[in-house]
Amino acid sequence: MPAAVLEKMIAGLGSAWPAGVAVAICPPQSEPGDLYPVEEAAVSRAVTGRRAEFAGGRRAARRALAALGHPEVAIPMAEDRSPIWPEGIVGSVSHCDTACIAVVARQTDYMALGVDIEPFNPLPEDILPEIGLASELDAVGPDRRLAGRQLFSAKEAAYKAQYPLSRTLFGFDALRYDGAVRALRFARPVPPFAKGQTIPVSQWTGDGLCLSLSALSRT
């Protein structure tokens, strides 16, 4: 199962996984009976698949918080659909059809986190121009359609990490992949980020999955 595959992938990363970032994985919850009322209300009108992914993500988030020694709490959804984390905590949630992942850390250690999980399969050729320039795709890898998937995932993770700091919505063209430094750069100013400033993203692929993590450390 992809959730188990993802757990194995992360367990094998060892020191490559950033210190102080707790992570947990759960499958989507077909019977989301452990949601708090405020969470249940957030997805009361959602379709079955969305409810299952939301519930799996919230369960993973509570497990990740427990790994930091934090008590179990509700994690409401803000108006912009982002999770509202407990005071002193930063985090991010992502999911695909068969796996949900949550990462959390203490705000004293990290300014923000962004995580994305995708099936590692080629994207359609016709949507690649929406994700990045040809030069970006070439810098990621020789297979343009797989490179598109990797670039999509990296930009998703970076966007999630920057959003709590900028509160700015933007498209994929606001971030450009710089192969020389193996990081994303802001193509225009997005305060508090300057044009040209890098935003780090680590990425791992294997067993049909692509995992991206952007961890904005305070050090």
Side-chain angles (χ1 to χ4, degrees), residues 2-26 56-71 73 75 82-96 99-118 120 139-141 149-166 175-186 190 192-194 196-219:
V5 169
L6 187 55
E7 287 181 338
K8 182 179 178 181
M9 176 191 291
I10 293 172
L13 293 176
S15 60
W17 189 259
V21 177
V23 57
I25 297 101
C26 288
R58 287 312 190 263
R59 177 174 287 184
R62 281 189 266 279
R63 289 182 179 177
L65 286 170
L68 284 184
H70 198 284
V73 292
I75 304 168
S82 63
I84 300 176
W85 298 100
E87 185 175 355
I89 297 292
V90 296
S92 183
V93 178
S94 183
H95 51 72
C96 57
C100 306
I101 183 171
V103 292
V104 296
R106 299 191 187 282
Q107 205 167 37
T108 51
D109 297 325
Y110 290 88
M111 294 182 290
L113 300 174
V115 70
D116 183 73
I117 180 68
E118 301 280 336
F120 189 39
V140 173
R149 176 69 75 178
Q150 289 179 263
L151 190 59
F152 175 91
S153 182
K155 290 189 176 185
E156 280 285 304
Y159 174 83
K160 288 182 177 181
Q162 70 79 38
Y163 183 76
L165 304 176
S166 75
L175 292 168
R176 297 299 187 195
Y177 180 68
D178 185 340
V181 296
R182 301 181 66 84
L184 295 171
R185 291 188 185 276
F186 284 89
V190 181
F193 301 96
Q197 185 172 344
T198 59
I199 183 166
V201 179
S202 299
Q203 188 172 82
W204 305 275
T205 60
D207 295 317
L209 291 174
C210 178
L211 171 65
S212 300
L213 176 69
S214 182
L216 305 186
S217 175
R218 291 194 178 276
T219 58

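On a predicted model such as this, the values are computed, not experimentally measured, just so you know. Values below: all heavy atoms of this structure, side chains included; hydrogens, waters and symmetry mates excluded.
A distance of 8.0 Å separates CG of L184 from OG of S214, quoted to the nearest 0.5 Å. Note that OG1 of T198 and CG of L175 are 11.0 Å apart. Values are rounded to the nearest 0.5 Å. L216 CG to D109 CG: the interatomic distance, rounded to the nearest 0.5 Å, is 13.0 Å. Atoms CE and CD, on M111 and Q162 in that order, are 12.0 Å from each other to the nearest 0.5 Å. Taken to the nearest 0.5 Å, the CD1 atom of I25 stands 10.5 Å off from the SG atom of C100. Put simply, CH2 on W204 and CG on L213 are 5.0 Å apart, with the number rounded to the nearest 0.5 Å.
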Check your understanding: Between E156 and S94, is a side chain to side chain contact (heavy atoms under 4.5 Å, CB included) present by the stated rule, with each step listed?
Key -> CA-CA 10 Å; E156 280 285 304; S94 183; over 6 Å; no
Practice item. Walk me through it: do L211 and I10 pass the test side chain to side chain contact (heavy atoms under 4.5 Å, CB included)? Key: CA-CA 9 Å; L211 171 65; I10 293 172; 3.9 Å; yes
**Study point:** Derivation and outcome, side chain to side chain contact (heavy atoms under 4.5 Å, CB included), residues M9 and D207
**Key:** CA-CA 9 Å; M9 176 191 291; D207 295 317; 5.8 Å; no
Exercise for review: Would you please test Y177 and V201 for side chain to side chain contact (heavy atoms under 4.5 Å, CB included) and show each step?
Suggested key: CA-CA 10 Å; Y177 180 68; V201 179; over 6 Å; no
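The two residues F186 and A194 make their nearest non-hydrogen contact at CB-O, 3.6 Å. Nearest heavy-atom pair, A99 versus L6, reported as atom, atom and distance to 0.1 Å: CB-CD2, 4.4 Å. The two residues A154 and S212 come nearest to each other via the heavy atoms N-OG, 3.6 Å. Contact between I75 and P83 at its shortest, heavy atoms only, is CG2-CB, 3.9 Å. The two atoms that bring A139 and G179 nearest to each other are CB-CA, 4.1 Å, heavy atoms only. Of all non-hydrogen atoms in A22 and A64, the two that sit nearest each other are CB-O, 3.5 Å.
In summary, the side chains of D116 and S153 do present a donor paired with an acceptor at a separation below 3.5 Å, with no hydrogens or angles considered.
Although no hydrogens or angles enter the test, the distance criterion places a donor-acceptor pair under 3.5 Å between the side chain of K160 and the main chain of V93.
Using a 4.5 Å cut-off on side-chain heavy atoms (C-beta onward), L65 and P86 make contact. Looking at heavy atoms from C-beta onward, E87 lies out of side-chain contact with Q107 at the 4.5 angstrom threshold.
Shown are K155, E118, Q203; of these, the side-chain hydrogen bond (donor to acceptor under 3.5 Å, both in side chains) with Q150 is made only by Q203.
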